[in-house]
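Have a look at the structure below before the remarks.
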Amino acid sequence: MDDAGDLEEKPERHVNKVPLQTVGWKPEFFEQLQKHVVDVNQTTTHAYLLAKWIFIHEARKANFCFDKFFCQNFFAEVFCHLCNRKERSGVQDTTKLWRRTIKRHLDSFRRAAGIGDPALQSATQVAVREAQQMITAYENNITQHLGDYIRRAVNCALGKSEWAKRLKETPKGTAHDELQRRFKDEALQPSREVKKAIELRNYKDVDLCERGQAVVEELAPVLDAFGDDYTFENNDRFRDIKKNPGKHMQSFYELSRYFERKNISDFTCFPVRTSFVPAHTTINRDILRSQIIAP
C-alpha cells in the first residue's frame with residue numbers, strides 16, 4: 001500500500017435517533033417493523049439461552065471441545081434453529097455437527113423455556129448479525145474476567161483471605177509478627193511465584209516451592225485446557241487471553257467448575273441477555289425486503 005493509502009482517513013460515521021416519519025418511512029410498514037424488532041429481540045434472547053443450554057449439557061461429555069463450536073457461524077445456526085426456515089443441504093461436515101448437536105437439545109430446551117412456534121421466517125441475514133453480537137459478548141466476557149479469576153483462584157487455593165483475616169484479628173506484638181512472617185512464607189510469596197509461572201505455556205518447567213507446586217497441580221485442568229501444539233502470544237497466558245479469547249473458552253469453563261467445587265462465588269461463564277426491552281436491531285436491504293416489506 002502506498003503512503004497516500006496509509007494516510008487516507010476513514011470517513012466518520014454518526015448515528016442519530018430520529019422519528020421514522022422524518023426518514024420517509026411509510027406508515028403502512030410501522031406495525032410490521034415493530035413486530036420485527038420485538039421478534040428479533042425475543043429470538044436473540046432465546047438464542048443466548050439455547051447456546052448456554054447446549055454448552056452446559058455437552059460440556060459434561062469427556063470428549064467435548066469448545067473450539068469446534070466457538071465461532072460466529074455456530075451461533076448463527078443456533079439462532080436459525082429458533083426460526084422457521086428450510087435447511088440447505090450440501091453443507092460442510094462442521095455445519096452438520098453443529099446441527100446434530102443443536103437438534104439433540106432443541107426440544108428439551110423449548111419445553112423448559114416454554115417456547116411456542118417460531119416468530120421469524122427465513123431469518124438468515126438477521127441470524128448472521130445477531131450471532132456477531134453473541135460471539136462478541138462471549139469474547140468480551142473472557143477478555144475482561146478470565147485473567148483476574150485465575151489470579152483469584154490462586155489466592156483462594158493459598159488461603160490469602162484467611163491469612164489476612166487472622167492478621168487483622170491478632171493484636172500487635174510478637175504473635176502478630178510471627179503470623180505475618182508465616183503469611184509471607186506460606187501464602188504471599190508462593191502466590192507471587194505461581195502467578196508469575198502460570199503466565200507461561202510451559203509453566204511446569206518452573207521450579208516452585210511445595211505450596212506453589214500443589215496449587216498449579218490443583219489448577220491443571222484450567223491451565224492445560226489447550227491442545228499440545230497451542231502456543232501463547234509472546235509466551236504470555238494473560239496477553240493471549242486478550243488477543244485470542246475464543247481459545248480460552250475451555251479454560252474459562254473449567255475455572256467455573258473449580259469455583260463451584262471450592263464454593264467460591266460463581267461467575268457468568270455463558271452470557272445471556274437479561275433485558276426484555278427490545279434492543280438495537282440492524283436492518284439492511286435484504287432484511288427490509290424479506291422481513292418487513294414482504295414477510
Side-chain angles (χ1 to χ4, degrees), residues 55 59-70 138-168 170 176-270:
F55 286 147
R60 296 171 182 170
K61 301 176 181 178
N63 61 345
F64 180 78
C65 179
F66 279 97
D67 284 350
K68 296 179 181 179
F69 296 83
F70 200 85
Y138 271 76
E139 289 177 342
N140 287 344
N141 193 32
I142 296 170
T143 300
Q144 295 169 11
H145 300 299
L146 179 55
D148 290 339
Y149 288 158
I150 290 176
R151 297 183 183 95
R152 184 180 173 190
V154 173
N155 292 338
C156 290
L158 290 167
K160 284 186 68 176
S161 60
E162 288 79 4
W163 277 103
K165 183 179 180 181
R166 290 174 62 189
L167 280 169
K168 186 176 181 180
T170 303
H176 184 278
D177 294 342
E178 174 62 19
L179 195 62
Q180 191 167 35
R181 183 193 63 77
R182 290 181 55 198
F183 167 64
K184 291 180 180 179
D185 292 343
E186 298 181 28
L188 188 59
Q189 188 59 33
S191 173
R192 291 171 178 168
E193 293 176 359
V194 170
K195 290 173 186 176
K196 186 66 176 176
I198 63 177
E199 289 182 6
L200 309 175
R201 180 69 177 92
N202 54 339
Y203 70 92
K204 294 179 181 178
D205 296 338
V206 179
D207 290 329
L208 296 171
C209 65
E210 184 176 350
R211 290 272 294 167
Q213 188 62 40
V215 171
V216 296
E217 290 177 1
E218 188 174 318
L219 293 174
V222 176
L223 303 176
D224 295 334
F226 310 92
D228 294 337
D229 57 346
Y230 185 72
T231 57
F232 294 152
E233 178 85 7
N234 293 339
N235 197 28
D236 187 326
R237 179 186 304 272
F238 301 111
R239 178 174 295 189
D240 197 66
I241 290 172
K242 305 291 186 182
K243 185 75 173 180
N244 304 298
K247 296 296 183 180
H248 295 263
M249 185 63 219
Q250 188 76 38
S251 180
F252 202 41
Y253 171 72
E254 294 295 343
L255 187 61
S256 71
R257 296 185 64 195
Y258 176 83
F259 271 46
E260 184 179 354
R261 290 194 301 271
K262 295 295 182 179
N263 291 322
I264 307 172
S265 57
D266 56 359
F267 58 85
T268 302
C269 183
F270 308 112

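Please read these numbers as outputs of a predicted model, since none were measured by experiment.
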R181: salt bridge (charged side-chain N to carboxylate O under 4.0 Å, His left out) partners, not counting sequence neighbours: E178, D185

Take a 6.0 Å sphere around CD of E217 and say whether it holds more than 12 heavy atoms from other residues, nucleotides or ligands. yes

Please check if the number of heavy atoms outside K168 that lie under 6.0 Å from its NZ is greater than 12. no

Chi angles and distances behind the side-chain contact (heavy atoms from CB on, under 4.5 Å) call for F270, N141: CA-CA 8 Å; F270 308 112; N141 193 32; over 6 Å; no

Minimum-distance pair of heavy atoms, taken over all atoms of A157 and Y258: CB-OH, 3.7 Å

With side chains defined as the heavy atoms from C-beta onward, is the minimum distance between V216 and K204 less than 4.5 Å? no

Below 4.5 Å, heavy atoms only, C-beta onward: do W163 and L179 meet side chain to side chain? yes

First locate atom CZ of R182, then atom CG of L188, and finally report the distance between them rounded to the nearest 0.5 Å. 14.5 Å

Side-chain heavy-atom pair R201, T231 within 4.5 angstrom cut-off: no

Look at E233 together with K247 and state whether they make a salt bridge at an N to O cut-off of under 4.0 Å. no

Tell me, please, whether F267 has R152 positioned over its six-membered ring: NZ or CZ under 6.0 Å from the ring centre and within 45 degrees of its axis? no

Close aromatic pair by centroid cut-off 6.0 Å: Y149 and H145: yes

Within the structure provided, determine whether N202 and N235 are in side-chain contact (heavy-atom separation under 4.5 Å). yes

Using ring pair (Phe, Tyr, Trp, His ring centres under 6.0 Å) as the criterion, point out the one residue from Y138, F55, F226 that pairs with F66. F55

Using 0.5 Å steps for rounding, measure from the NZ atom of K242 to the NE2 atom of H248. 11.0 Å

Side chains of R237 and I150: does their closest heavy-atom pair fall under 4.5 Å? yes

Between SG on residue C269 and CD on residue E254, distance to nearest 0.5 Å: 9.5 Å

Does the side chain of V194 reach to within under 4.5 Å of the side chain of L219, using non-hydrogen atoms? no

Looking only at heavy atoms, the pair that brings A153 and F259 closest together is CB-CE1, 3.9 Å

Nearest heavy-atom pair of I198 and Y203: which atoms, and what distance? CA-CB, 4.0 Å

Could you tell me which non-hydrogen atom of G212 sits nearest to which non-hydrogen atom of P190, and how far apart they are? N-CB, 4.4 Å

Rounded to the nearest 0.5 Å, what's the gap from CZ on F183 to CG on L158? Could you check? 9.5 Å

T143 side-chain N/O to N140 backbone N/O, donor-acceptor pair under 3.5 Å: no

Taking C-beta and beyond as the side chain, do E210 and Q213 meet within less than 4.5 Å on heavy atoms? no

From CA spacing to verdict: side chain to side chain donor-acceptor pair (under 3.5 Å), S161, N155: CA-CA 8 Å; S161 60; N155 292 338; over 6 Å; no

State, with a plain yes or no, whether a side-chain heavy atom of F232 is found less than 4.5 Å away from one of R239. no

Could you state the interatomic distance from CD1 (I241) to CD (E199), rounded to the nearest 0.5 Å? 10.5 Å

For D67 and Q250, what are the C-alpha separation, side-chain angles and deciding distance, and is it a side-chain contact (heavy atoms from CB on, under 4.5 Å)? CA-CA 8 Å; D67 284 350; Q250 188 76 38; 5.8 Å; no

Would you sort out whether K196 and E193 count as a side-chain contact (heavy atoms from CB on, under 4.5 Å), showing the intermediate values? CA-CA 5 Å; K196 186 66 176 176; E193 293 176 359; 5.8 Å; no

Checking side-chain contact (heavy atoms from CB on, under 4.5 Å) for the pair Q180/T170: CA distance, chi angles, key distance, verdict? CA-CA 10 Å; Q180 191 167 35; T170 303; over 6 Å; no

Give a yes-or-no answer on whether the side chains of Y230 and D240 include a donor-acceptor pair shorter than 3.5 Å. yes

Paired with C156, the side-chain contact (heavy atoms from CB on, under 4.5 Å) test is passed by just one of I264, V215, N263, namely I264

For the CZ atom of R151 and the CG atom of L146, what is their distance to the nearest 0.5 Å? 9.5 Å

